[in-house]
Amino acid sequence: SVRPDATSYSLAIRSLGQAGEWNKALNLVSRVPQMESGPSSDKNTWERGVDSIAYSAAIIACKTEGNWQKAIAFLDEMQTRNVQPDRVTFNAAIAACAAAGRWDRALKLMLDMDKCWKQLPG
């Protein structure tokens with residue numbers, strides 16, 4: 001049987017968000033399974049990739065709906081679950097805040113993104 005992967009979930013979440021079905025898109029995020037194996041030999045890298053892709057799509061759905069608070073909540077949830085946000089995730093959250101006229105939050109996220117990258121090894 002064919003099992004959905006990170007890309008499948010991301011596309012479904014993004015499509016639902018673009019169709020104005022953001023509640024369904026955001027609910028789907030909670031149903032993204034933790035993958036046990038994948039293209040990476042490091043299981044944790046694969047899990048973070050799945051979560052990062054799904055969260056990015058959800059945050060883009062939040063921006064489409066104009067729900068900047070939920071976008072920030074998803075970013076916070078990522079940190080709680082020890083999921084590393086990537087540039088797409090941060091940029092989506094920044095865009096959600098900027099679209100809502102919350103430039104103060106957008107600027108804070110830009111500073112947070114800079115700190116996040118400085119803390120990464122290598």
Side-chain angles (χ1 to χ4, degrees):
S1 83
V2 177
R3 292 177 25 179
D5 61 6
T7 303
S8 303
Y9 278 103
S10 177
L11 289 172
I13 293 164
R14 185 174 302 142
S15 296
L16 286 166
Q18 289 174 343
E21 298 287 344
W22 67 276
N23 278 327
K24 290 179 184 176
L26 302 180
N27 287 332
L28 185 56
V29 173
S30 65
R31 297 192 348 223
V32 174
Q34 293 294 313
M35 302 297 183
E36 293 182 9
S37 62
S40 173
S41 59
D42 177 3
K43 178 183 175 231
N44 292 328
T45 300
W46 177 248
E47 289 175 354
R48 280 196 304 271
V50 169
D51 289 339
S52 179
I53 291 169
Y55 275 110
S56 294
I59 292 171
I60 291 167
C62 291
K63 177 197 172 286
T64 302
E65 184 58 30
N67 192 342
W68 68 272
Q69 296 97 331
K70 187 68 174 174
I72 298 298
F74 274 125
L75 204 54
D76 291 342
E77 183 179 316
M78 289 178 76
Q79 293 172 344
T80 301
R81 292 181 63 192
N82 294 320
V83 177
Q84 178 67 41
D86 59 16
R87 284 183 173 82
V88 173
T89 312
F90 270 113
N91 286 336
I94 290 166
C97 291
R102 293 302 311 255
W103 297 104
D104 56 327
R105 292 300 301 212
L107 180 58
K108 183 182 180 315
L109 287 173
M110 290 174 71
L111 295 172
D112 290 348
M113 181 172 64
D114 188 51
K115 283 185 218 170
C116 179
W117 266 240
K118 287 180 181 175
Q119 293 174 359
L120 291 176

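Just so it is clear, the values below take in all heavy atoms, side chains as well, and ignore hydrogens, waters and symmetry mates.
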- With side chain to side chain contact (heavy atoms under 4.5 Å, CB included) as the test, would you mind laying out the steps for Asp86 and Thr89 before giving the verdict? CA-CA 5 Å; Asp86 59 16; Thr89 312; 2.7 Å; yes

- Looking only at non-hydrogen atoms, find the nearest pair between Ala98 and Trp103 and report the distance. CB-CZ3, 3.5 Å

- Between atom OG of Ser56 and atom CE of Met78, what is the distance when rounded to the nearest 0.5 Å? 6.0 Å

- Side chain proximity check, Tyr55 to Glu77, heavy atoms < 4.5 angstrom: yes

- Message: When you compare the side chain of Leu107 with that of Asp104, does any pair of heavy atoms fall below 4.5 Å?
- Response: no

- Query: Atom CG in Leu16, atom OG1 in Thr64: separation rounded to 0.5 Å?
  - Reply: 11.5 Å

- Look at the side-chain heavy atoms of Ile, Leu, Val, Met, Phe, Trp and Tyr, link any pair under 4.5 Å apart, and say whether Met110 and Phe90 land in one connected group. yes

- Query: Roughly how far apart are Ser15 OG and Glu21 CD, rounded to 0.5 Å?
  - Reply: 11.5 Å

- Task: Indicate yes or no: at least one non-hydrogen side-chain atom of Leu75 is less than 4.5 angstrom from one of Leu109.
- Result: yes

- Non-hydrogen atoms of Trp68 and Ala96 that approach each other most closely: CB-O, 3.6 Å

- Phe74-Met113 co-clustered via ILVMFWY side chain contacts under 4.5 Å: yes

- Message: I want to check something: taking the side chain as every heavy atom from C-beta on, are Arg105 and Ile94 in contact at a cut-off of under 4.5 Å?
- Response: no

- To the nearest 0.5 Å, tell me how far Asn23 CG sits from Asn67 CG. 9.0 Å

- Locate the shortest heavy-atom distance separating Ala92 from Ile60; write the atom from each residue and the value. CB-CG1, 3.7 Å

- Note on the structure: Of all heavy-atom pairs linking Ile13 and Ala58, the shortest is CG2-N, 3.5 Å

- Task: Can you see which heavy atom on Ala61 is nearest to which on Ala25, and at what distance?
- Result: CB-CB, 4.1 Å

